[in-house]
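The structure appears below as structure tokens.
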Amino acid sequence: MTAPGPRSVPPAEGTPPVTEARPHRVLVLNSGSSSVKYQLLDMRDGSRPAGGLVERIGEGSSRLVHTPPGGGEVRERTEPIADHAAALKAVAAELAADGLGLDSPELAAIGHRVVHGGKHFTEPTLIDEAVLAEIERLIPVAPLHNPANLTGIRTARELRPDLPQVAVFDTAFHTTMPEAAARYAIDVATADAHRIRRYGFHGTSHAYVSRRTAELLGKEPSEVNVIVLHLGNGASASAVRGGRCVDTSMGLTPLEGLVMGTRSGDVDPAVVFHLKRVAGMDTDEIDTLLNKRSGLVGLCGDNDMREIRRRIEEGDEAARLAFDIYIHRLRKYIGAYYAVLGRVDAVVFTAGVGENAAPVREAAIAGLEELGLVVDGELNAVRGDEPRLISPVYARVAVAVVPTDEELEIATQTYALVRG
């Protein structure tokens with residue numbers, strides 16, 4: 001009797017067909033400045049056999065939280081974890097304890113989130129020494145993120161030198177911006193010499209959400225124009241025309257643009273000179289002010305939108321002003337990107353605040369009826385994990401909530417590259 005061949009299984013979107021006989025899992029690593037987030041994804045169905053987080057790396061009370069297969073009991077431990085190399089080895093040990101170790105023949109690749117790819121990296125890229133060298137050269141424009149990303153990549157390559165490893169760049173989706181959007185109006189020679197331009201971030205989220213929004217509308221990405229509002233502790237907006245980014249709010253760094261949890265977003269550049277001359281602050285102090293002591297926390301002392309809304313309900317004027325400033329900036333970007341696109345098919349909210357804070361969505365759209373934007377109060381109040389419309393059926397422009405999934409996007413791009 002002839003043995004049956006490998007059974008074809010529906011692939012994750014954008015990937016080649018998957019068969020059980022081939023490696024079908026991707027480990028996604030997101031190495032931050034003091035943390036490592038990880039997800040193991042099965043590309044046959046997009047499921048997550050395991051995942052977790054290592055945080056407070058380098059501190060005496062480092063914490064590892066691991067979610068095992070099948071929704072089993074979460075394992076958590078607190079112990080000193082000296083560096084990212086030790087953190088990744090701890091992750092490998094947790095996966096091995098579940099029979100999902102890095103030596104598994106089912107592991108097809110490791111996908112790494114890399115924050116800054118500059119102009120050079122416009123798509124997911126197989127990692128070799130030349131790629132590592134270019135990521136290292138970009139450290140001056142991403143000093144908090146690229147060093148940690150590099151450490152995660154190098155450690156993973158030491159653990160599995162034979163396995164394909166792929167860099168997926170936060171900036172890649174935004175490299176389609178025209179020069180008119182990407183260039184700052186400063187001396188060209190100076191800008192080019194120091195790589196000063198708008199790069200944009202949260203690219204994997206904007207790519208995933210804009211594509212899923214097109215699906216929600218029953219159209220191809222090439223047919224729709226979308227304004228994506230990624231609202232978390234970090235926040236960014238993008239204008240996406242036919243599946244390609246044509247403008248985004250973050251710039252050379254993730255500081256520019258919307259009001260965020262602890263970041264100021266747009267400010268007059270002369271504020272920096274003023275603080276140096278008048279307040280006597282040095283560069284590091286100003287950097288800390290704008291990145292860690294500004295935004296919502298600088299305005300009212302809280303960067304949790306739930307707490308801000310609670311305080312508003314109790315009559316707290318500082319919280320109300322912080323919320324109003326947040327919404328004012330958000331509405332300005334919606335209007336600006338409406339003008340950039342000319343025609344808008346959908347405005348979509350995503351990430352922690354965008355997905356969960358109904359008052360933010362309502363306030364951001366209120367008063368924009370002349371632009372065809374309306375929110376249905378009942379639909380907006382519904383919570384859920386699936387993409388959904390929150391605009392009434394008669395609205396000229398759809399308003400939607402689409403939960404982001406950056407890990408799935410990284411895994412999908414990684415798997416498509418190594419299988420393609």
Side-chain angles (χ1 to χ4, degrees), residues 13-14 117-119 121-124 168-185 197-231 235-252 254 256-258 265-266 329-351 354 361 364-365 368 370-374 387-391 395-406 409 412-413 416:
E13 182 184 351
K119 288 180 65 179
F121 296 110
T122 62
E123 56 190 16
V168 178
F169 298 91
D170 264 15
T171 50
F173 182 65
H174 304 301
T175 58
T176 56
M177 283 191 293
E179 286 293 279
R183 283 275 185 182
Y184 292 110
R197 62 187 288 115
R198 175 171 285 108
Y199 292 102
F201 300 89
H202 295 146
T204 52
S205 177
H206 287 277
Y208 177 83
V209 169
S210 59
R211 188 176 66 249
R212 292 285 280 151
T213 302
E215 292 175 12
L216 182 64
L217 300 178
K219 298 181 179 180
E220 293 296 321
S222 60
E223 298 174 326
V224 300
N225 292 351
V226 182
I227 297 172
V228 179
L229 304 172
H230 177 109
L231 308 179
S236 60
S238 67
V240 182
R241 177 184 291 126
R244 295 165 61 85
C245 177
V246 295
D247 207 346
T248 193
S249 59
M250 286 180 167
L252 173 71
E256 188 179 1
L258 302 175
D266 294 337
R329 184 81 54 82
L330 187 55
R331 286 161 58 88
K332 281 177 66 175
Y333 270 91
I334 293 172
Y337 287 171
Y338 206 118
V340 166
L341 291 170
R343 188 201 85 241
V344 175
D345 298 291
V347 173
V348 56
F349 293 85
T350 193
R361 299 191 296 261
I365 300 300
L368 301 181
E370 290 299 318
L371 299 179
L373 291 163
V374 185
R388 62 194 185 277
L389 294 175
I390 59 171
S391 50
R396 191 167 77 248
V397 178
V399 181
V401 179
V402 176
T404 192
D405 196 333
E406 295 178 84
E409 182 69 16
T412 299
Q413 292 189 26

Exercise. Show the numbers, then the answer: is there a side chain to side chain donor-acceptor pair (under 3.5 Å) between N225 and Y338?
Key: CA-CA 9 Å; N225 292 351; Y338 206 118; over 6 Å; no

Quiz prompt | Working for side-chain contact (heavy atoms from CB on, under 4.5 Å), residues I227 and V344 | solution = CA-CA 7 Å; I227 297 172; V344 175; 4.0 Å; yes

Quiz item: Could you go step by step and tell me if L373 and I334 meet the side-chain contact (heavy atoms from CB on, under 4.5 Å) rule?
Solution: CA-CA 10 Å; L373 291 163; I334 293 172; 4.2 Å; yes

Quiz item: How far apart are the C-alpha atoms of V401 and T350, what are their side-chain angles, what is the distance that settles it, and do they pass the side-chain contact (heavy atoms from CB on, under 4.5 Å) test?
Solution: CA-CA 6 Å; V401 179; T350 193; over 6 Å; no

Self-check item: Intermediate values then yes/no, side-chain contact (heavy atoms from CB on, under 4.5 Å), K119 and R197
Solution: CA-CA 9 Å; K119 288 180 65 179; R197 62 187 288 115; 3.5 Å; yes

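Once rounded to the nearest 0.5 Å, the distance linking CE of M250 with CG of D170 reads 9.0 Å. Atoms CD and OH, from Q413 and Y208 in turn, are 12.5 Å apart once rounded to the nearest 0.5 Å. Between R244 atom CZ and S238 atom OG the span is 13.5 Å, to the nearest 0.5 Å. One distance of note links CZ of F173 with NE2 of H202; it measures 14.0 Å at 0.5 Å rounding. A distance of 4.5 Å separates CZ of R198 from OH of Y184, quoted to the nearest 0.5 Å. Separating the OG atom in S205 from the CD atom in E409 is a distance of 9.0 Å, to the nearest 0.5 Å.
Taking the six-membered ring where tryptophan is involved, the planes of H230 and H206 are tilted, since the angle between them lies from 30° to 60°.
Screening T248, D266, D247 against Y333 for a side-chain hydrogen bond (donor to acceptor under 3.5 Å, both in side chains) leaves a single residue, D266. Residue T404 is tested with V348, V228, T204, V209 for a side chain to side chain contact (heavy atoms under 4.5 Å, CB included); the sole match is V209.
Between R211 and P221, the shortest heavy-atom distance links the atoms CG-CG, 3.9 Å. A398 and L389 make their closest contact through CB-CD2, 3.9 Å (heavy atoms, listed as atom of the first residue, atom of the second, distance). Looking at every heavy atom in both residues, L330 comes nearest to A364 through CD2-CB, 3.6 Å. S391 and V399 make their closest contact through OG-N, 3.1 Å (heavy atoms, listed as atom of the first residue, atom of the second, distance). Here the shortest heavy-atom pairing between H174 and Y199 reads CB-O, 3.1 Å.
Contact annotation: the side chain of V224 approaches that of L217 to within less than 4.5 Å [non-hydrogen atoms, C-beta and beyond]. The shortest distance between side-chain heavy atoms of F201 and T171 falls below 4.5 Å.
Pairs passing the salt bridge (charged side-chain N to carboxylate O under 4.0 Å, His left out) check and including a residue from residues 330-343, sequence neighbours excluded, read R343-D345.
Neither side chain, T175 nor T122, offers a donor N or O lying under 3.5 Å from an acceptor on the other.
Around atom CZ of R388, more than 12 heavy atoms belonging to other residues, nucleotides or ligands sit under 6.0 Å away.
Using a distance-only test at 3.5 Å, with no hydrogens or angles considered, a donor-acceptor pair links the side chain of R241 to the main chain of V340.
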